[in-house]
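Worksheet for the structure shown next.
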Amino acid sequence: MASYFLTIDNGGTNTKVAIFNDQGAQLAVSAFPTKNRERKTGFHETNLGELWQALGAAAHDALAKAHLTGDQISGISTVGHGKGLYVLDHDQQIFMDGILSADSRAEKLATTFESSVSDIFAISHQHVMPSQAPVILRWLKDHEPENYAEIGAVLSNKDFIRFLITGDVYQEIGDASGNNFVNLDTETYDQRLFDFFGIPEMFDKMPKLVHATDQCGVVSPAAEKMTGIKAGTPVFGGMFDIDACAIATGVLDNDKFSLIAGTWNMNIFPNDTMAPEDSGLMNSIFPTGKKLIEASSPTSAGNLAIIIKMLMTAETRDAKAQGKSIYDDLEVFLQNTDATFAKLIYFPFLYGSNTDPEATGSFIGLRSNTTKSEMVRAVYEGIAFAHRYHVQSLLKVLGHQPQVVRMSGGGTNSPSWVQMFADILNLPIELVESNELGGLGGAITSAVGSGQYATLEEAAAKMSRVKARYEPRADQVKIYDQKYAAYVSLLTALDGSWSSLKAFQEGAEQ
């Protein structure tokens with residue numbers, strides 16, 4: 001008799017409820033946009049009460065689509081965006097909005113902390129990013145002390161979602177270790193990290209650490225009413241989305257890279273040893289016990305959605321009138337153009353940069369005859385260049401090319417874009433059958449947690465299958481290498497020169 005596993009995958013752009021069987025077949029998915037409230041520039045927040053209502057509706061919808069009843073689900077895992085901040089008060093109640101991983105309010109604080117990162121790198125093996133929870137907590141302490149004083153529990157996104165389902169408060173160690181909370185050698189919270197960020201009182205607000213496949217409670221009666229899933233159904237620790245996508249795509253050792261083109265630009269591989277401080281890379285605890293080496297920034301597909309809104313309002317409306325998506329028309333456009341088409345460079349820095357923290361989204365090379373189509377293609381290319389920038393950092397640490405890149409995220413919905421990535425990276429790219437990889441990673445976790453499979457490796461081998469492979473094309477690789485050289489040269493030239501523009505922008509907004 002088949003087992004069925006439900007995953008709640010709460011991303012920064014979209015949230016999904018997906019159902020899989022024990023062979024990895026995707027039976028149903030129900031999705032809705034993650035509401036992003038930007039009350040000030042750089043603030044990215046979501047209303048948690050509204051999120052819970054939407055999750056409940058999506059769970060009912062997914063069960064109906066899968067032709068299942070709530071008592072047929074064998075286990076639930078939660079998957080979510082890393083970083084950001086979700087907190088409860090001293091009575092374990094919601095009292096403020098969740099803060100998404102695209103949030104950049106604490107940019108200046110992060111820059112200050114990063115200048116002293118050598119003080120803590122030997123403990124957490126992490127660099128400092130604006131959206132890490134300790135940095136946001138310090139910002140709250142400085143700017144919203146009334147909210148800071150209310151905090152009774154500090155959670156990551158998927159730990160918060162699990163709390164909604166079970167009523168129990170835990171922090172899964174992979175997320176915590178990717179958030180500058182954990183000593184990577186002892187695999188425990190370390191008071192010195194909290195002292196470094198100037199939030200020592202938060203040490204006692206941290207929930208018990210658990211692992212991805214640990215059972216962390218069961219569906220509560222209140223959650224049964226909300227979701228339709230039977231009370232008492234086991235709920236497992238789950239993981240943050242980059243771990244889930246790596247496991248779902250079979251990236252379990254360093255002969256493969258996992259590349260996620262979603263809200264964030266994620267490029268990772270599991271390894272037995274950690275990356276050194278001077279590499280600029282992040283280290284965290286991978287659910288298999290290895291260390292995850294990560295190069296990431298908010299410079300990926302989220303940029304494309306914004307530029308399409310800016311430049312293609314009429315085209316989007318026309319596509320909708322014809323019963324299509326603008327992305328259908330863009331796919332045809334990409335198929336009929338190549339690396340020679342766009343004569344300009346785009347920096348995908350609308351949500352932040354992977355170079356100078358002050359850098360902003362930019363087109364360089366606009367001329368009197370530049371077309372809107374060229375600009376749009378340049379955005380696709382610029383996002384892939386930003387991924388290449390990170391992949392080259394990974395290659396320096398690994399010391400050799402991976403056999404293949406397994407790609408996930410919204411970018412994989414465009415075959416032409418995946419081919420562009422293969423050409424720009426000059427590496428073969430494979431896609432797996434499921435198009436909901438966070439969901440599949442969660443299902444694999446549930447399958448191991450419930451005893452269906454003994455290890456994550458065994459479950460991934462049984463539940464994940466490659467469906468397509470894209471080889472780099474030599475003629476396109478050559479042109480993209482020239483473009484990428486210009487991209488890096490321009491970035492380098494502008495490094496350290498963005499601050500006056502940033503000061504003007506901030507002054508004009510006040």
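Numbers here simply count residues along the sequence, with the first being 1.
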Is there a side-chain contact between [X] and [Y] in this structure, where contact means two heavy atoms from C-beta onward sitting under 4.5 Å apart?
{"X": "V128", "Y": "T112", "answer": "no"}
{"X": "L100", "Y": "Y86", "answer": "yes"}
{"X": "F113", "Y": "P134", "answer": "no"}
{"X": "Q476", "Y": "I424", "answer": "no"}
{"X": "F269", "Y": "K256", "answer": "no"}
{"X": "M266", "Y": "H390", "answer": "no"}
{"X": "Y487", "Y": "E381", "answer": "no"}
{"X": "L350", "Y": "I307", "answer": "yes"}

Under a plain distance cut-off of 3.5 Å, with no hydrogens placed, do [Y] and [X] share a side-chain donor-acceptor pair?
{"X": "E294", "Y": "S284", "value": "no"}
{"X": "S258", "Y": "R406", "value": "no"}
{"X": "S156", "Y": "D159", "value": "yes"}

If you look at every heavy atom in [X] and [Y], which pair is closest and at what distance?
{"X": "E45", "Y": "D97", "answer": "CB-CB, 4.0 Å"}
{"X": "K483", "Y": "A339", "answer": "NZ-O, 2.9 Å"}
{"X": "C245", "Y": "G438", "answer": "SG-N, 4.0 Å"}
{"X": "I260", "Y": "S300", "answer": "O-OG, 4.3 Å"}
{"X": "R105", "Y": "H44", "answer": "NH2-N, 4.4 Å"}

Inspect the contact between [Y] and [X] and indicate whether a charged nitrogen and a carboxylate oxygen are less than 4.0 angstrom apart.
{"X": "R37", "Y": "E50", "result": "no"}
{"X": "D423", "Y": "R473", "result": "yes"}
{"X": "E471", "Y": "R469", "result": "yes"}
{"X": "D272", "Y": "K291", "result": "no"}
{"X": "K158", "Y": "D175", "result": "yes"}

Give a yes or no on whether the ring-centroid distance for [X] and [Y] is below 6.0 angstrom.
{"X": "H387", "Y": "F421", "answer": "yes"}
{"X": "Y148", "Y": "H143", "answer": "no"}
{"X": "F197", "Y": "F181", "answer": "no"}

- Task: Show your reasoning for whether side chain to side chain contact (heavy atoms under 4.5 Å, CB included) applies to V376 and M312.
- Result: CA-CA 9 Å; V376 170; M312 308 197 77; 3.7 Å; yes

- Determine the sole option in F347, F349, Y346 for which the ring-ring contact (aromatic ring centres under 6.0 Å, His included) test with F363 is passed. Y346

- Apply the test side chain to side chain contact (heavy atoms under 4.5 Å, CB included) to residues L55 and I161: give CA-CA distance (whole Å), side-chain angles for both, the deciding distance (0.1 Å), then the verdict. CA-CA 9 Å; L55 280 171; I161 301 297; 3.6 Å; yes

- Message: Show, in sequence, the C-alpha distance, side-chain angles and deciding distance for K502 and E107, and conclude whether the salt bridge (charged side-chain N to carboxylate O under 4.0 Å, His left out) test is met.
- Response: CA-CA 12 Å; K502 189 72 176 282; E107 224 165 47; 2.7 Å; yes

- Evaluate side chain to side chain contact (heavy atoms under 4.5 Å, CB included) for I151 paired with L137, printing each intermediate quantity in order. CA-CA 10 Å; I151 295 171; L137 284 166; 3.6 Å; yes

